[in-house]
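One structure below.
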Amino acid sequence: MNNLKLKNKIILILALPLFIILILSTSSIFDKIEKELKISKSSDFIEFTTKVSSFLKDIQSERELSILYLDSYGRDKKSELETKIAKSDESLKNLNEFINKFKLANEDKNLSDKMEKYKSSIESISQMRKDILDLTTNTNDMLNFYDTNINNMISFFDDLLVYSNSKELSKSSQAYVSLINIIEKSYKEKNIVKGILEHNYISNSDYNNFLTLISSQNSY
């Protein structure tokens, strides 16, 4: 009986450290898996924003050429605009192909909602381009369309901070988000200045919008 009790004690003494090691190993494995998943999500989202950034740059340029084309009643920038539209379409195709396999968009409710908003708005871009080239739309409607879609895309960059899984990446992401916003604000600032110089007149609305854009850029 004493031998049996002693044997059980020895087994317990030997088993306890092994059990603790097993628990620690399991915890370490799960931590590693979780870390790998976070890195994978971060990598996927960065690749997504790269695709968005490429299309964003093209569509901002397309907007500028559309303004010049419409303001000249179709006399200027037609060939440049058509070339830019072709380039934008290529970027849009690459972005859409990535979105079709972008699993994160289905896992994150906030991102999914933004994606649906973006898709719903951008799907009419072909019609807007036709209206521009046919001179059947005006500058205000055109700007409203492009500004809405550009703002929808910029909203994706806000989530870049959520998926930045390191201090260094968070800092870089914050800088990138600020840069994206500064560029867009500067486009709008340029359009206001262009309108002021063309009409040799500045309205209260133009003045206030101009100051707001400068303040916003300084903040970023």
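By the rule that hydrophobic residues join a cluster once side-chain heavy atoms approach within less than 4.5 Å of another member, Val193 and Ile67 end up as members of separate clusters. Under the 4.5 Å side-chain heavy-atom criterion for Ile, Leu, Val, Met, Phe, Trp and Tyr, Leu68 and Phe145 are members of distinct hydrophobic clusters. Hydrophobic clustering of Ile, Leu, Val, Met, Phe, Trp and Tyr side chains at less than 4.5 Å, counting indirect connections, keeps Leu213 apart from Val177. No continuous path of ILVMFWY side-chain contacts below 4.5 Å connects Leu179 to Ile46, so the two sit in separate hydrophobic clusters. Side-chain heavy atoms closer than 4.5 Å link hydrophobic residues (I, L, V, M, F, W, Y) into clusters, and following such links, even through other members, never connects Ile183 to Leu56.
Nearest heavy atom pair, residue Asp108 against residue Leu111, reads OD1-N, 3.0 Å. Here the closest heavy-atom approach between residue Leu81 and residue Ser66 is recorded as CD1-OG, 3.5 Å. The minimum heavy-atom distance between Ser72 and Tyr69, with the atom names listed, is OG-O, 3.0 Å. Minimum interatomic distance between Leu65 and Glu80 (heavy atoms only, all atoms of both residues): CD1-O, 3.6 Å.
Side chains of Asn181 and Ser216: no donor on one and acceptor on the other come within 3.5 Å. No side-chain donor-acceptor contact under 3.5 Å links Tyr187 and Glu64.
Residue Lys117 places its NZ atom among 12 or fewer non-hydrogen atoms of other residues, nucleotides or ligands, all under 6.0 Å distant. Counting non-hydrogen atoms of other residues, nucleotides and ligands closer than 6.0 Å to CG of Asn218 gives a total above 12. Residue Lys57 qualifies as open at atom NZ: its count of foreign heavy atoms under 6.0 Å is 12 or below. By the 6.0 Å contact criterion, NZ on Lys77 is open, its count of non-hydrogen atoms from other residues, nucleotides or ligands being 12 or less.
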Next on the checklist: Pair Asn138, Leu70 - check side chain to side chain contact (heavy atoms under 4.5 Å, CB included), show working.
Outcome noted: CA-CA 7 Å; Asn138 56 61; Leu70 288 175; over 6 Å; no
Checklist entry - Does the side chain to side chain contact (heavy atoms under 4.5 Å, CB included) test come out yes or no for Ile85 and Leu133, once each step is laid out? => result CA-CA 11 Å; Ile85 287 174; Leu133 291 171; 4.3 Å; yes
Checklist entry - Can you list the steps and then say if Gln127 with Asp131 is a side-chain hydrogen bond (donor to acceptor under 3.5 Å, both in side chains)? => result CA-CA 6 Å; Gln127 183 60 51; Asp131 292 343; 2.9 Å; yes
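Tyr118 OH to Phe55 CZ: the interatomic distance, rounded to the nearest 0.5 Å, is 5.0 Å. The line from CD1 of Ile192 to CD1 of Ile214 is 9.0 Å long, rounded to the nearest 0.5 Å. One finds the CD1 atom of Ile122 at 9.0 Å from the CD1 atom of Ile150 (value rounded to the nearest 0.5 Å). Rounding to the nearest 0.5 Å places CD1 of Ile180 at 7.5 Å from CD of Gln60. With values rounded to the nearest 0.5 angstrom, Leu135 atom CG is found 10.0 Å from Arg75 atom CZ. To the nearest 0.5 Å, the span separating CD1 on Ile59 from CG on Leu92 amounts to 8.0 Å.
The side-chain hydrogen bond (donor to acceptor under 3.5 Å, both in side chains) search around Glu189 returns Gln217, not counting sequence neighbours. Residues that satisfy the salt bridge (Lys or Arg N to Asp or Glu O under 4.0 Å) test with Lys185, not counting sequence neighbours, are absent from this structure.
A side-chain hydrogen bond (donor to acceptor under 3.5 Å, both in side chains) with Arg129 is found for exactly one of Asp134, Asp89, Thr137, namely Asp89. Screening Lys84, Lys93, Arg63, Lys51 for a salt bridge (Lys or Arg N to Asp or Glu O under 4.0 Å) involving Asp58 leaves a single residue, Lys84.
At a threshold of 4.5 Å between non-hydrogen side-chain atoms, the residues Asp206 and Tyr201 do not count as touching. Under the 4.5 Å side-chain criterion, counting only non-hydrogen atoms from C-beta, Lys190 is not in contact with Ser186. Considering only heavy atoms from C-beta on, Asp44 stays 4.5 Å or farther from Lys103 through its side chain.
Applying the ring-ring contact (aromatic ring centres under 6.0 Å, His included) test to every pair with at least one member in residues 70-106, sequence neighbours left out, gives these pairs: Phe48-Phe102, Phe98-Phe102.
Distance alone, capped at 3.5 Å, is enough to place a donor-acceptor pair between the Ser124 side chain and the Ser121 backbone. Asn151 contributes a side-chain N or O that, together with a main-chain N or O of Asp147, makes up a donor-acceptor pair within less than 3.5 Å. A side-chain donor-acceptor contact under 3.5 Å links Thr148 to the backbone of Asn144.
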